Amino acid sequence: MILRKWNYKKHKYDLYEVPDNWNCKTYSDDMKEMVNCPHCGKELEFGNCYISLEFHAPFCGFGYAVCSDCYEKEWKRRNKYKK
């Protein structure tokens, strides 16, 4: 599966490949659905995820579900390039 990941240096999206068997999602009706974090692959319930600051769906701009550890790293990268 190919996702789009924001590149702070280039100010545009890079293509980012994740394994086809990963379940990466921007939305789910089932908060208990198991999904994968596109950064690290960790499997967790959709309802326990954060909305990515870097991975966005091309058609609507919604962020993909990410784990808390990777979300924290996204914030740090974002703040680094904000300055």
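All values derive from a computational prediction rather than experimental measurement.
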Pairwise side-chain contact, Tyr13 with His56, heavy-atom cut-off 4.5 Å (strictly under)
yes
pair Glu54-Tyr8: side-chain heavy atoms closer than 4.5 Å:
yes
I need the Glu43 CD to Asn36 CG distance, nearest 0.5 Å.
5.5 Å
SG-NZ distance between Cys70 and Lys42, expressed to the nearest 0.5 angstrom:
8.5 Å
Say whether Tyr16 and Trp22 are linked into one hydrophobic cluster, either directly or through other cluster members, by side-chain heavy-atom distances under 4.5 angstrom.
yes
Does some side-chain heavy atom of Cys40 sit less than 4.5 Å from a side-chain heavy atom of Asp69?
no
Within 6.0 Å of CG in Asp20, more than 12 heavy atoms from elsewhere:
no
Taking atom types as modelled, find out whether Asp29 and Tyr27 have a side-chain donor-acceptor pair closer than 3.5 angstrom.
yes
Above 12 or not: heavy atoms from other molecules or residues under 6.0 Å from NZ of Lys73?
no
Closest non-hydrogen atoms of Val18 and Cys24, given as atom of the first, atom of the second and distance, are CG2-SG, 4.1 Å
Might you point out which heavy atoms bring Phe46 and Asp30 nearest each other, and give the distance in Å?
CB-O, 4.0 Å
Any His11 side-chain heavy atom under 4.5 Å of Trp6 side chain
yes
Beyond-backbone contact of Trp75 with Glu72, side-chain heavy atoms, under 4.5 angstrom
no
Heavy-atom side-chain proximity of Glu45 to Met34 below 4.5 angstrom:
yes
Is any side-chain heavy atom of His39 closer than 4.5 Å to one of Phe55?
yes
Separation between OG (Ser52) and CG (Leu3), nearest 0.5 Å, reads 9.5 Å
Glu33 vs Asn23, test: side chain to side chain contact (heavy atoms under 4.5 Å, CB included). Steps then yes/no.
CA-CA 9 Å; Glu33 179 179 3; Asn23 185 23; 3.0 Å; yes
Would you give the length of the straight line joining atom CG of Asn7 to atom CG of Asp14, rounded to the nearest 0.5 angstrom?
4.5 Å
Do you know the tightest heavy-atom contact between Ile51 and Gly63?
CG2-CA, 3.7 Å
Between Tyr50 and Asn48, is the side-chain hydrogen bond (donor to acceptor under 3.5 Å, both in side chains) condition met? List the steps.
CA-CA 7 Å; Tyr50 291 81; Asn48 290 331; over 6 Å; no
